[in-house]
Amino acid sequence: MEHISTNDLRNQLGRRIDEAHYRGEHLVIEKNGEPRAVLVPYAWWVEQQNETGQGTLAP
């Protein structure tokens, strides 16, 4: 799984969102070298929510 800094992500956000959506890529977002969040495809997230019985925030 690829890692990216928040500074680099600012310049690449649109492309990285498309890569998550179209290619199914997951991306660890780091701030000051520390993992803070993960960008995942929405469909994957919905699937995970359904599997755990959490429901979704689907529109």
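Because only heavy atoms are used, hydrogens play no part in the values below, and waters and symmetry mates are left out as well, while side chains stay in. Predicted, not measured: the structure shown is a model, and the values here were computed from it.
The hydrophobic clustering, which links ILVMFWY residues whose side-chain heavy atoms are closer than 4.5 Å, places Leu39 and Tyr42 apart. One hydrophobic cluster, built from ILVMFWY side chains closer than 4.5 Å, holds both Val46 and Val40.
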Let me have the donor-acceptor pairs involving side chains of residues 11-21, under 3.5 Å, with sequence neighbours excluded, atom names and distances please.
{"residue": "Gln12", "atom": "OE1", "partner": "Arg15", "partner atom": "NH2", "Å": "2.9"}
{"residue": "Gln12", "atom": "OE1", "partner": "Arg16", "partner atom": "NE", "Å": "2.9"}
{"residue": "Gln12", "atom": "OE1", "partner": "Arg16", "partner atom": "NH2", "Å": "3.0"}
{"residue": "Arg15", "atom": "NH1", "partner": "Glu19", "partner atom": "OE2", "Å": "2.8"}
{"residue": "Arg16", "atom": "NH1", "partner": "Glu2", "partner atom": "OE1", "Å": "3.1"}
{"residue": "Arg16", "atom": "NH1", "partner": "Glu2", "partner atom": "OE2", "Å": "3.4"}
{"residue": "Arg16", "atom": "NH2", "partner": "Glu2", "partner atom": "OE2", "Å": "3.1"}

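To the nearest 0.5 Å, the span separating CD on Gln49 from CH2 on Trp44 amounts to 9.0 Å. With rounding to the nearest 0.5 angstrom, the CZ atom of Arg36 is 12.5 Å from the OG atom of Ser5.
Applying the salt bridge (charged side-chain N to carboxylate O under 4.0 Å, His left out) rule to Glu51 yields no partners; only residues at least two apart in sequence or on another chain are considered. With sequence neighbours excluded, no residue satisfies salt bridge (charged side-chain N to carboxylate O under 4.0 Å, His left out) with Glu30.
With contacts defined as side-chain heavy-atom distances shorter than 4.5 Å, the pair Leu9/Leu27 qualifies. Looking at heavy atoms from C-beta onward, Arg23 lies out of side-chain contact with Pro41 at the 4.5 angstrom threshold.
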